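Below: one structure, written as structure tokens.
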Amino acid sequence: MGRLFLINLEGKIYSCKHCQTHLGLFDDIISRSFHCKHGKAYLFTKVVNVTVGEMEERLMITGMHTVRDIFCVGCGAIVGWKYVAAHDKSQKYKEGKFILERYMVMGPGGNLYFFNSHEAQISGSDADDA
């Protein structure tokens, strides 16, 4: 394995809860109303220090999407996914955007999100637009 060059962010950052690698900036959050199987998730315009997995079709609450899981480059933990394509016209705004699962990241100030199983059961795996 070669040398790993990480991008260090300044300001209010979200980082991997396992290795503290910087992932995203507070200012790059588009929406905090997304949900995944572990609870809350945030939609970001951009993230750093991640690698992407294979493309796959995934049925979510808002319809079928083509997505790629994203992994922390520091420790390899899955931290969310990237929207590649949305099949519904109303969901096209998600294309090229990233989801970071709150359960997998530390927020600004180092605070952790704790899994709430009741919330996850009622919310599903994508934004609940209803």
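Position 1 is the first residue of the sequence; numbering continues from there. Quick caveat: nothing in here was measured; it's all calculated off a predicted structure. Just so it is clear, the values below take in all heavy atoms, side chains as well, and ignore hydrogens, waters and symmetry mates.
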If we ignore hydrogens and angles and just use 3.5 Å, is the side chain of N49 paired with the main-chain N or O of I7 as donor and acceptor?
yes
Worked verdict on I13 versus L25 for side-chain contact (heavy atoms from CB on, under 4.5 Å):
CA-CA 5 Å; I13 61 165; L25 287 170; 3.7 Å; yes
Heavy-atom side-chain proximity of H35 to I61 below 4.5 angstrom:
no
Tell me, do W81 and C36 make a side-chain contact under 4.5 Å, heavy atoms counted?
yes
Interatomic distance, H65 atom NE2 to D88 atom CG [nearest 0.5 angstrom]:
7.5 Å
Taking atom NZ of K12 as the centre, report whether more than 12 heavy atoms of other residues, nucleotides or ligands fall under 6.0 Å from it.
no
Between R32 and Y42 (side chain of the first, backbone of the second, donor and acceptor by atom type, cut-off under 3.5 Å), is there such a pair?
no
Is there a path of hydrophobic side-chain contacts, each under 4.5 Å between heavy atoms of I/L/V/M/F/W/Y residues, joining I29 to V50?
yes
To the nearest 0.5 Å, tell me how far K40 NZ sits from S33 OG.
10.5 Å
Test item: T62 and K94 side chains (from C-beta on) under 4.5 Å apart, heavy atoms:
yes
Are I30 and F34 grouped together when hydrophobic residues (ILVMFWY) are joined by side-chain heavy atoms under 4.5 angstrom apart?
yes
May I ask you to test the I70-I78 pair for a side-chain heavy-atom distance under 4.5 Å?
no
Closest non-hydrogen contact found for M106 with K17 is CG-CA, 3.8 Å
Is there a donor-acceptor pair closer than 3.5 Å between any side-chain N or O of K97 and the backbone N or O of Y83?
no
Counting only N and O atoms by type, is there a donor-acceptor contact under 3.5 Å from the side chain of K92 to the main-chain atoms of A86?
yes
Taking all atoms of both residues into account, what is the closest heavy-atom pair of A41 and I99, and its distance?
CB-CG2, 3.6 Å
Could you tell me which non-hydrogen atom of G53 sits nearest to which non-hydrogen atom of R68, and how far apart they are?
O-NE, 2.7 Å
Joint cluster assignment, M60 & M55, ILVMFWY side-chain distance < 4.5 Å:
no
Could you check whether any side-chain heavy atom of F98 comes within less than 4.5 Å of a side-chain heavy atom of D28, counting everything from C-beta outward?
no
Provide the closest heavy-atom pair for T21 versus G74 in the form atom of the first, atom of the second, distance.
OG1-CA, 3.7 Å
Can you classify the ring geometry of Y14 versus F26 as parallel (below 30°), tilted (30 to 60°) or perpendicular (above 60°)?
parallel
For residues M104 and H18, report the shortest heavy-atom separation together with the two atoms involved.
CE-NE2, 3.4 Å
Apply the side chain to side chain contact (heavy atoms under 4.5 Å, CB included) test between T66 and each candidate in K82, H87, E56; give the one that qualifies.
H87
Same cluster for V105 and V52 if Ile/Leu/Val/Met/Phe/Trp/Tyr side chains link at under 4.5 Å?
yes
Tightest non-hydrogen contact, residues E95 and A85, listed as OE2-CA, 3.4 Å
